[in-house]
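Fair warning: this is a prediction, and the values are worked out from it, not measured in the lab.
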Amino acid sequence: MPPLSTDPPATSGPQPPPRRRFRTAAAWAAAMAFALLLIGLAAQWAATREANFQADSIRRAMEVHVLGLRDSAGKYSYLPFTAGVHPAVRAALAHPGDAAVKQRANLYIEEVNRQAGSDALYVSDLQGLTLAASNWATLQSFVGESYANRPYFIDARAGRGGMFYGVGQTTGEPGLFISAPIRDDEGAVRGAVLGVVTVKVSLRQLQEAWTFSRDPILLADARGVVFLSSVPEWLYATRRPLAPAELERVRHDQQYGARADFRTLPWKVEREQAQGLPGYLLRTSLGGQQRRFLAVDEPLPDLGWTLTVMADHAEVTRARERTWMLGLLLAGVLLLGGLYWQLRERRFAEQRDARRDLELRVRERTHALDEAHAFRKAMEDSLLVGMRARDRQGRITYVNPAFCDMTGYGAGELLGKLPPYPYWHPDDVPRHWHHYDAMMSGQPARSGFESRLRHRDGREVITMVYTAPLIDADGAHSGWMSSVVDITEQKRAELRQRQNDEQLQHAQRLASLGEMASTLAHELNQPLMALSNYASAAKAFAEQGNRQLLVDSLDETMAQAQRSAEIVRRIRGFVRQRTVGTEDCAVSALVTNALALLQGEMRQRQARAEVRVPAALPPVRGDRVLLEQVLLNLVSNSLQAMQATPVEQRVVEIEAELLAGRMQIRVADRGPGIDDALAEQVFAPFFTTKAGGLGLGLNICRTIVEAHRGRLGFASRAGGGTVFTLELEISPP
């Protein structure tokens, strides 16, 4: 402590003029403001980057979920029509009072439902009374029950297909109901509706799969009622309050059983549109905790549903906070360096003032050093980076508060300690000794090394350690100084990133598997439907004792089975990038076989075909099964395109001719044609304008034709409609 003196207080060397001090302070303030601005911009960039990543993750998850929903809704759409053409079903509608006839219909529908894997299949008359059902032998049989109030029955009775999701009136189990009318093809009024066939499909597997999702997923109907959700408490809640007319309609249809009141979802939308991102931000309570989510809605107009996928928005906030912490740490280090440089300049100025009195200079110098030491210690204590100093014997001589917080031990417990130190992780003791020996030998890792520590409370702390020699005032090596950075959160973030990458790869594999399965199902659908119809007809002819028709039906059944096997073999050949089984194929035979498979669909759609294929045309060279499949797909698309065309104009025109040494086969319809805005996407995979379609048919057709060194194109037809042109090589003479 300096002695007391009555002399005037001494100044600490020459003082800079006030204007200069003002400029210096302004420069420091501007530098700090600029640093804060940069940190803020970096934090905003990190938050935006995390938000973009969340949006990409939602889009990828949305594609997988939409594909699963469309597959669940579409793979059973053929079943009501297929069952409706069977003689046993039509006989039950014609003779509702005959118990034997109804029992044959029950047995047939039960077998079809078992093979298809649907929940239930049943037939109703025009009054909504169920005449036959797949569950006829169970306690919850649909036979004798009336479903005249159900929208799907009303739609089918009006002559159009129906689709409706709701709780079953008999079983109380929810499901998707798909219905189709049974038309009279032979009576006085052709096309009149005789009854309704309905298939019930359960979405339980989809609901159970969603329960494993980390973030909420939900599906709402056209009124906003949530009927599928990964959050159980949100089930049967509404996205908006229902109007009295809507509530009355739900009660009348008994869509959700006896439920009469529907609470609204406990959401609070904070921002209708996230900044530069699809969807919106909302706040809700899950598991007793307030959560924020980025939510994206995907309308499914063909199903009348809305799919909502969410992602936890807390990751965006954490990314912004981490960036602020790192930026402030860097700014603190730079500030410490600037202040240290300023102190050095001050010391040099003091040394240059050697003419002053020695006592005054010593006092001033001592005072300045004390201030510098106190300031430096305060700055070191405020650092988030751990600091540890050791002498040349390895004894700890200094630790800052950040290092103590990192290990859980106080400075009094660490100072003077020799290795092994108490914070060394017991599983990594050999590794700790290795780095210690390298330091003591004068060869510490220049780029730093990763070290795992054990906190006093038992948790693990992952750190990055940088060690440099400690030089005293005389220039002698007196020990080692280490900077210890806590990178535990960084490691966890890297682990989360790897997990997200693995989930993305898994989703891509699922999408590829789904595309292959959809392709195979699309190719096998027609022959399998024909096989089922011929087998059912054979059974009926066997019961009637009609031997000739029975033999014909069995022959057709065997032919369709062989056709299915051929399609599987050809698809496997395409997967291996090679085509086998080429032969000379007569164009007339290809057209005849394709039309034979579509006779049932042409009768149902009340359409006919006009074929202009000269018998003298040379054959084409190719795979007969695959070329027939191409023609079958083109004709089927033409029939579907003429749904709104008057009955007398529903004509598919097929003609073939030889032009410039190549065979051209044209398939023309009289439908609405193809919009010019969609022309570029017609052959793209997964593009479709059909409700419930997969968008793979024309893509597969083009692939098959190009494998035969041919071309497939289309053009608008004068007067309305579309003409598809198939060009193939002819067989060499």
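Aromatic ring centres of Phe177 and Phe153: separated by at least 6.0 Å. Between Tyr236 and Phe262, the gap from one ring centroid to the other reaches at least 6.0 Å.
Salt-bridge check for Lys102 with Asp98: failed, with every basic side-chain N at 4.0 Å or more from each acidic carboxylate O. We find that Arg608 and Glu610 are joined by a salt bridge, their nearest charged nitrogen and carboxylate oxygen being less than 4.0 Å apart. Looking at Arg605 and Glu601, a side-chain N of the basic residue comes within less than 4.0 Å of a carboxylate O on the acidic one, giving a salt bridge. A salt bridge is defined here as a Lys NZ or Arg NE, NH1 or NH2 lying under 4.0 Å from an Asp or Glu carboxylate O, and Lys539 with Glu111 fails to meet this definition. A salt bridge does not link Lys200 to Asp119: none of the charged nitrogens lies less than 4.0 Å from a carboxylate oxygen.
No donor-acceptor pair closer than 3.5 Å links the side chain of Thr264 to the backbone N or O of Arg240. At distances below 3.5 Å, at least one donor-acceptor pair connects side-chain atoms of Asn135 with backbone N or O atoms of Phe142. For the pair Arg239 (side chain) and Ala220 (backbone), a donor-acceptor distance under 3.5 Å is absent. The backbone N or O of Tyr152 lies less than 3.5 Å from a partner atom in the side chain of Ser179, making a donor-acceptor pair.
Among Val123, Val197, Val196, the one residue that satisfies the side-chain contact (heavy atoms from CB on, under 4.5 Å) test with Pro80 is Val197.
No cation-pi contact links Arg150 to Phe164, judged by a cut-off of 6.0 Å to the six-membered ring centre and 45° from its axis.
Considering only heavy atoms from C-beta on, Asp312 stays 4.5 Å or farther from Leu294 through its side chain. In this structure the side chain of Asn106 never reaches within 4.5 angstrom of the side chain of Ser134, judged on heavy atoms. Put simply, the side chain of Pro174 does not reach to within 4.5 Å of the side chain of Phe227, judged on heavy atoms.
Nearest heavy atom pair, residue Thr645 against residue Arg670, reads OG1-O, 3.2 Å. Heavy atoms only, all atoms of each residue included: Ser141 and Trp136 are closest at OG-CA, 3.3 Å. Shown here for Val199 and Tyr76, the closest heavy-atom pair between the two residues is CG1-O, 4.0 Å.
Side chains of Asp297 and Tyr280: a donor on one and an acceptor on the other come within 3.5 Å.
Between Glu246 atom CD and Arg251 atom CZ the span is 11.5 Å, to the nearest 0.5 Å. From Thr284, atom OG1 reaches atom CZ of Arg292 across 13.0 Å, with rounding to the nearest 0.5 Å.
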